[in-house]
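All remarks here apply to the structure that follows.
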Amino acid sequence: MALDTGALGQKQGGGAGQARAPERELIDDCVHCGFCLPTCPTYVNWGEDLDSPRGRIDLMRGLRAGTLEMTPAVAGHFDKCLGCMACVTACPSGVRYDVLIEETRALVERTYARGLFDRLHRAMIFSLFPYPKRLKALVVLLLVYSLSGLQWLLRHTLLPLLPARLREMEALQPKVTAHNLFATLPERVAAQGERRLKVAVIAGCVQRVFNPGVNEATLRVLSAEGCEVVIPRGQGCCGALSMHAGREHESVEFARSLMQMLSGEQVDAIIINAAGCGSHLKDYGRILQTDEARAFSAKVRDVNEFLAALPPRARRHPLQRRVALHDACHLQHAQRIFAQPRQLLAGIPGLTLLEVPDGGQCCGSAGIYNLVEPGSAEQIGARKVDNVLATGADLLASANPGCTMQIQKILRERGQSLPAAHPIEILDASISGTPLP
Ligand code: SF4
Ligand code: SF4
């Protein structure tokens, strides 16, 4: 493929960060076959090769060889990548695009001088989202904002004049209640009946604050299935958001701290119910390159994966619902977890499981993607919502908080609604015999 080097800028010799561009061997695994192109949401958006996996790998090759420099155009093609990993599962040559883009994002952060507003916007995101206590302070502000009438006033006056990124942030906010503020998790939950396994649960950051019901359902289901559950106190962020945005050092510090928090308990498995976090936790061994990190990662299980492998013990009550299952990218592509949530939901009497057309495509949430690339995220999200609605479902099952927020936001903008729940909340409702919204 001929690179548009005129638009991208030629590099004169070596430069800062060249030593950390992705390894040549990983880059050369790409044989330019193009099988990944139709699976790539940004290629579907614009039909541009440089916004496809193949084109981005070519840019990495240019950076590695020193024939390209990190111009705004080059950095922009990497920024527009969702990190959805649809190209990883589509690639017949086994190209490790996950590793390639992770290393390239770190290179972008080290070598590319972002504009002032971009830096401020990212600084705000990363001083907020990885910190549950700060997110709780945000919940207070959101409660005041929505209950005082300020939200109505802003939406009808100044908001349309604000930059797209700020409008997107405002539109994405989920409905919050006092439960978001005061929900706490116990430190330990006993197994119901004879104990089968002992597990630790990672509470997540956004999950803990914005979807406390998902963690509560996780504890109830694990207990009902005979697991003793520990939820170590003082857990911080797992570092997924930071790593997926190229903030390597910050991410590694989060990872070390979380491993330390969980080191006091001997458990059979470490359970996570947020897809993006799970994929990153399973990567600690590769990232940190220590025996401790490898042992930690080996025990990490997504909650769907864990329960699907555990013969069911708790009785399932019927749920007469038509459920569209949205596959989060970091479940289906990054962790290759596809059959397990289907298996769990299919085990609920009365439930009709519906497949979302083109379900391998991202919803546009992708970590902080919809906060930094709102235009592209909107295009991608609109396709996802069309496909979800085409199922005729009366409930959406989504295993990642970011995906749920993104799909709900687009539905609200269209004046439509579809209740959403994590698969574990649906299973919990069936086991406990309580109705879902
Ligand atoms: S499918 Fe794999 S080998 Fe083919 S172009 Fe895409 S990344 Fe390269
Ligand atoms: S990670 Fe997703 S958006 Fe990025 S190149 Fe691969 S398919 Fe395209």
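This chain uses plain numbering: 1 for the first residue, then up along the sequence. Computed over heavy atoms, backbone and side chain alike; hydrogens, waters and symmetry mates excluded. Order of listing sets the numbers, starting from 1, for every ligand and every atom in it. Computed from a predicted model, the values in this text were never measured in an experiment.
- Ranking protein heavy atoms by distance to atom 2 (Fe) of ligand 2, first place goes to Cys84 SG, 2.3 Å.
- Which parts of ligand 1 touch Cys33 is read off a 4.0 Å heavy-atom cut-off, strictly below it: atoms 1 (S), 3 (S), 4 (Fe), 5 (S).
- Note on ligand 1: Gly94 sits outside its first shell, no heavy atom being nearer than 4.0 Å.
- Side-chain atoms of Gln406 and His326 include no donor-acceptor pair closer than 3.5 Å.
- The closest donor-acceptor contact from the side chain of Gln340 to the backbone of Phe338 lies under 3.5 Å.
- Every atom of ligand 1 is numbered from 1 in the order shown, and the set under 4.0 Å from a heavy atom of Pro92 is 1 (S).
- Judged by the shortest distance from any of its heavy atoms, Gly34 lies inside the 4.0 Å radius around the atoms of ligand 1.
- The protein atom (non-hydrogen) at minimum distance from atom 8 (Fe) of ligand 1 is Cys30 SG, 2.4 Å.
- The protein non-hydrogen atom at the shortest distance from atom 4 (Fe) of ligand 2 is Cys81 SG, 2.3 Å.
- Under 4.0 angstrom from ligand 2, the non-hydrogen atoms of Tyr97 all belong to its side chain.
- Applying the side chain to side chain contact (heavy atoms under 4.5 Å, CB included) test between Ile426 and each of Ile348, Leu325, Ile431 identifies Ile348 as the sole match.
- Remark: side-chain polar atoms of Lys198 are not paired, donor with acceptor, to backbone N or O of Asp268 under 3.5 angstrom.
- Checked by atom type and distance alone, the side chain of Lys384 never pairs as donor or acceptor with a backbone atom of Ile407 at under 3.5 Å.
- Taking each of Thr89, Val88, Ile57, Leu82 in turn, the one with a heavy atom nearest to atom 3 (S) of ligand 2 proves to be Leu82.
- Of all protein heavy atoms, the one closest to atom 6 (Fe) of ligand 1 is Cys36 SG, 2.3 Å.
- Ion pairing of Glu378 with Lys409 is present here, as a side-chain N (NZ or NE/NH1/NH2) and a carboxylate O approach within less than 4.0 Å.
- Ring geometry for His244 against His330 counts as parallel: the plane angle stays under 30°, on a 0 to 90° scale with 60° as the upper cut.
- Every atom of ligand 2 is numbered from 1 in the order shown, and the set under 4.0 Å from a heavy atom of Gly83 is 1 (S), 4 (Fe).
- Residue side and main chain included, Cys40 places no N/O/S atom under 2.8 Å of atom 6 (Fe) of ligand 2.
- Ligand 2 places these atoms under 4.0 Å from at least one heavy atom of Met85: 1 (S), 2 (Fe).
- For atom 5 (S) of ligand 2, the nearest protein heavy atom (residue, atom name, distance) is Arg56 NH1, 3.2 Å.
- Residue contacts with ligand 1 for Pro53 are absent, since no atom lies close enough (heavy atoms, distance under 4.0 Å).
- A donor-acceptor contact closer than 3.5 angstrom links the side chains of Ser242 and Glu250.
- Atom 2 (Fe) of ligand 1 has an N, O or S atom of Cys91 closer than 2.8 Å.
- For Phe254 and Tyr284, the distance between ring centers is not under 6.0 angstrom.
- Phe126 does not carry Arg122 over the face of its six-membered ring by the limits of under 6.0 Å from the centre and within 45° of the normal.
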